[in-house]
Structure formats: structure tokens, C-alpha cells
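Each remark here refers to the structure printed beneath this line.
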Amino acid sequence: KLGMAYKKDDNFGEWYSEVVVNSEMIEYYDISGCYILRPWAMEIWELLKEFFDAEIKKLKLKPYYFPLFVTENVLQKEKDHIEGFAPEVAWVTKSGKSDLEAPIAIRPTSETVMYPYFSKWIRSHRDLPLRCNQWCNVVRWEFSNPTPFIRSREFLWQEGHTAFATKEEADEEVLQILELYRRIYEEFLAVPVSKGRKSEMEKFAGGLYTTSVEAFIPNTGRGVQGATSHCLGQNFAKMFDITFENDKGSRSMVWQNSWAYTTRSIGVMVMTHGDDKGLVLPPRVAPLQVIVIPVPYKDVDTTAIVNECKKTVDTLEKAGIRADLDTRENYSPGWKYSHWEMKGVPLRIEIGPKDMANNQARVVRRDNGAKADIPTADLVEKINGLLDEIQKNLFETAKQKRDACLKVVNTWDEFIAALNDKKLILAPWCDEEEVEKDVKARTKGELGAAKTLCTPFEQPDLPEGTTCFASGKPAKKWSFWGRSY
Ligand SMILES: O=C1CCCN[C@@H]1CCCn1cnc2cc(F)c(F)cc2c1=O
Ligand SMILES: [Mg+2]
């Protein structure tokens, strides 16, 4: 399919759906909220996984795989926070024609699946730290508007679950993982994120505190949680009796963390970099970094041109660059240019008779359309340089756009104006939950209510006497506020 029917700035929702389908990442499925992830999406997921898996192995994480299913009584074990999620839990109630004795839940997350076994496996301090990670799917039967990658009823993620003898070790790991999530977004997906702490109301109810990396979509003026790293404290150790005998022979409860990022990260990248020609891929996550296209000429030997293209692909691949050529003779070069632009391939190389005669190739950038004629001898070096430049340019452009949306407010009126102006709001807050609830109540509407996105670790100066934008009480911190996905 060539060309986009929708423009990003005119009809963002339709534009997004069109991009993920036309770029061959997603195929819609006949169950609402479920999507087929095609190779163009899965190859991105696999590039992210390759980085993240290697990094957590350095942190001594071990790979596990736990069952997809959890019994009702085990799931309910953690009733205090599950009750809020009950409507999202999907249940298996039959096999064939016969009813199961007891319904079995499909994991929406794996704490209750794993922790009974953490209790069994952890006996002494020598069994600690326990570091478990699994790559899997989870199911949450959400009802708010499904969006490919961003909000689906089944998604892929990694979930890390760790246990330590001391709080200090847990606190340290929470931040080590959060930094990896920042790198996933900023160094691979070229998406700027803010590290911060969730409020008591927005945090994982079962935990002690939640940290997250928060992104922002300028087109919709909505924040989006990119990934989350929780310190669970000893709450689950108490619930599941996960204790260890310390070296003085007395029994203590472990300190736990859990952390995840999901296929939502791909959607955030699409929303951030895509344009009216379709997907724009950051080179570090591009399944294909260079597409080579032969430009045949009437009564010129096409075979020689195609062979030159093959040689070029071969040279690039030998240099570790993900390259391919498109020699389909039933499509014109122009059609191919549009097709590979739609798929977001960072660089296109065109090779025609003139290029061959001059021992050069015409290189075109997907991010800014710049063209350059590059001598064949310098190709690898120049292509690598261009790929780095594109990666940097995409990040800097996204950062500049996100920062342009940032609005510091001090009063309620400024807050409402900024909210209606699709801004990412930074406001001084008294840190009272009642006020957070009040802001939600006062801003609810069909676009959804405003909420705290996170309290950024990087706190601007808070002058003595600064008052909370919503309550007028003494402000304690600067927090990001906004509507969200
Ligand atoms: O966010 C993470 C990181 C990876 C491991 N889990 C934590 C907390 C997940 C919070 N959460 C999130 N969503 C849920 C949805 C449900 F249907 C349900 F039964 C439980 C939950 C639920 O516990
Ligand atoms: Mg949820």
C-alpha cells in the first residue's frame, strides 16, 4: 500500500493505526485489543531484547519460565491490590465441553505464580540474592480503547523478580534497572524519557515504592509510562512467607523488587518519530538499516547494475550493517522508494548507470530526506557515520519537541490552560493524596483526567514559600502532571 491517507498532525489516531499496518508491523485481529505482531515489529522487539538480556545477565539475572496459569486462591492471596484489577483478569473455565472444577486465571503478572516458589527456594542467606527474569506474554482484559502496542489485552514483556537480604541491595537494583530502561528508550528507541518516582496513589499498590521512566506524546499531549521498576519492600515476603536464616541464625524476611518493560515501547517509538510518509526507524532498532535499489535505464545492462547492488549489500553486511536489496522487477524504483520510506528504513542507496560509471552511490536519508553521492570506496565508513547521525538527530529532534511541550505552572488557572494546550506540566505540589484525587475529580472528562505522571529525580529549585498549584498549601516537590495513556 503506497501513501498515507491520514496526516499525523490532522488525525493522529487514524494516522497511527495506518502507519503500524502499512509498515507491516501489525495485522489487526478478530478479537478486540489483540494484534498480530509481524516480523517488522518482532525484529525490533528482538533487538531490544538482545541488549536488555545481555545487560541483566551482567547483573546476574537468571532466565526462568513460569506457567501461564494461576489458581484462583493463589491469585486472591494478594487480595488488597488485586481487587482493583479483578475486572482485568481473564479466566479459563472449561476444557472442551466440560467445566473445570475451579476456574484458572491467565497471568496478568507473575508475582502470585512465582512467590510461593521463592518461599520454597529461599532458606538461608546463601540462597540470596535470588534474581529471576522471564520473557513472556501477559493478559489483562482492559476495556479502555485498545491501541496497537500501547494498550492491548495481551502483550509481551520481560518481568524481573528479585529478592535480597537487605533493603540497600534492593534499592540499588531498582535504580540500576531503571537506568537500563532509560537506555532502551533514549539510546535505542531515540525517545527522551524522565526518570522519577510515582506518587503513593499511582504506585503499584502491592509495593513499597515505584520508579518509572515517563515519555510524552506531543501530538496528543499525553504522558505515557515507558517502564517501571518497583521496590516491593517486604510486603510480598510477609504475604508469601519468604524468609531466610541470616548468618546470626535468626529468621528475616527478604526485600524484593519487580520490574518490567513491554511491547508498548515500540508504539511509543512509532508515535514519536513517524511522519506523513509512514514509519521512521532509529537505526539501532531498524531491522533493515539500508535498502539498496537498482535504478535500471532503458537499453542499459540491468544485470551489471543488479550485481553492483549485490556487491554493495555484501560489503555493508560484512561490516555488520543490516542491509538488503530490492530487485523486484515488477515494481518501479519510485514505488520502491515510497515502500521503504513507509517501512521507515533509515537509509536508501540508489545505484544507476551514472553512479556505476562514477564509482559512487546516491544515498538518501529517511529522517530528513538529505541526499549525498558517496564514493563506493568510502561506503562503509560514510554509511556508519550517517546511521549514527540519524540516531542522534532523531533523539535530539524528539527531545526538542518534548521540551517545547513542557510548561511550568504555579496556579490552577495556568494548570488548566496548559492541560487544554496539550502540555506536559511541571507544577509544585504539596504531595497530599487528597489533592491528587481532587485534581482528578476537577479535570475528569472524555479526554480523561489529569494525574501525576511522576516526581522527577531531577528536582528544580523550590524557593521557600512556594505554594501547591492546586491546594495553595506549602509545596514539597515539583511533579509532572498530565493526561496519560
Ligand atoms: O509492574 C510490574 C513489573 C513486573 C511485575 N509486576 C509488577 C506489578 C504489576 C501491577 N499489576 C498491574 N496490572 C494488574 C492487572 C491484573 F489483572 C492483576 F490481577 C494484577 C495486576 C498487577 O499486579
Ligand atoms: Mg493496567
Side-chain angles (χ1 to χ4, degrees), residues 33 52 56 61 64-66 68-92 103-115 117-118 130-147 149-163 170 173-178 180-181 184 197-198 200-214 222-233 235-236 239-240 256-265 267 448 451 453-454 484-485:
F52 191 78
I56 59 174
L61 269 293
Y64 288 72
Y65 185 79
F66 283 80
L68 173 69
F69 304 107
V70 54
T71 60
E72 187 167 17
N73 63 323
V74 169
L75 186 75
Q76 306 297 0
K77 181 129 184 173
E78 203 205 318
K79 62 192 167 311
D80 68 332
H81 96 278
I82 286 275
E83 69 205 1
F85 291 117
E88 292 180 18
V89 179
W91 295 92
V92 179
I104 290 173
I106 298 174
R107 68 181 167 224
T109 179
S110 299
E111 282 79 2
T112 56
V113 176
M114 294 176 168
Y115 297 172
Y117 299 92
F118 282 22
L130 176 79
R131 296 183 173 99
C132 149
N133 183 71
Q134 72 174 4
W135 293 90
C136 66
N137 63 329
V138 285
V139 172
R140 297 174 184 176
W141 217 255
E142 310 224 16
F143 288 88
S144 45
N145 45 343
T147 310
F149 298 117
I150 299 294
R151 193 178 15 255
S152 52
R153 285 174 159 168
E154 176 187 12
F155 56 85
L156 307 182
W157 73 351
Q158 56 63 225
E159 48 179 321
H161 295 262
T162 53
E173 191 209 52
V174 166
L175 297 182
Q176 286 173 317
I177 299 297
L178 196 68
L180 290 182
Y181 292 149
I184 285 271
R197 185 163 167 154
K198 288 285 186 187
E200 283 308 293
M201 185 166 90
E202 294 299 335
K203 78 173 187 183
F204 170 29
L208 181 59
Y209 64 83
T210 292
T211 68
S212 65
V213 287
E214 300 290 334
R222 287 177 182 275
V224 54
Q225 181 179 290
T228 181
S229 182
H230 314 282
C231 176
L232 308 179
N235 301 353
F236 285 87
M239 231 183 285
F240 289 90
Q256 289 175 273
N257 294 336
S258 76
W259 28 270
Y261 83 97
T262 78
T263 35
R264 163 182 282 193
S265 54
K451 58 198 267 196
L453 302 169
C454 78
S484 74
Y485 281 93

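Since this is a predicted model, take the numbers as computed values, not measurements. Atoms within each ligand, like the ligands themselves, are counted from 1 in listed order.
The distance criterion of under 3.5 Å between nitrogen or oxygen atoms is met by Thr109 with respect to ligand 1.
Compare Trp157, Phe204, Phe85 by their heavy atoms: the one nearest to atom 8 (C) of ligand 1 is in Phe204.
Taking every non-hydrogen atom of His230 and a distance limit under 4.0 Å, the qualifying atoms of ligand 1 come out as 1 (O), 2 (C), 3 (C), 7 (C), 8 (C). Each of the following atoms of ligand 1 lies closer than 4.0 Å to a heavy atom of His161: 5 (C). The Thr228 neighbourhood of ligand 1 comprises atoms 1 (O), with distances under 4.0 Å to a heavy atom of that residue. Near Trp259, meaning under 4.0 Å from any of its heavy atoms, are these atoms of ligand 1: 3 (C), 4 (C).
Salt-bridge formation is detected for the pair Lys451/Glu202: a Lys NZ or Arg NE/NH1/NH2 atom is positioned less than 4.0 Å from an Asp or Glu carboxylate oxygen.
For Phe118 and Phe236, the distance between ring centers is not under 6.0 angstrom. In this structure, the ring of Phe155 has its center no less than 6.0 angstrom from the ring center of Phe149.
For Tyr209, the OH atom counts as densely surrounded, since its 6.0 Å shell holds more than 12 non-hydrogen atoms of other residues, nucleotides or ligands.
Cation-pi contact between Lys77 and Phe240: present, with separation from the ring centre below 6.0 Å and deviation from the ring axis of at most 45°.
Contacts of Ala260 with ligand 1, taken as heavy-atom pairs under 4.0 Å, involve both backbone and side chain.
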CA sep, side-chain torsions, deciding dist, call: Val92, Phe69, side chain to side chain contact (heavy atoms under 4.5 Å, CB included): CA-CA 9 Å; Val92 179; Phe69 304 107; 3.9 Å; yes
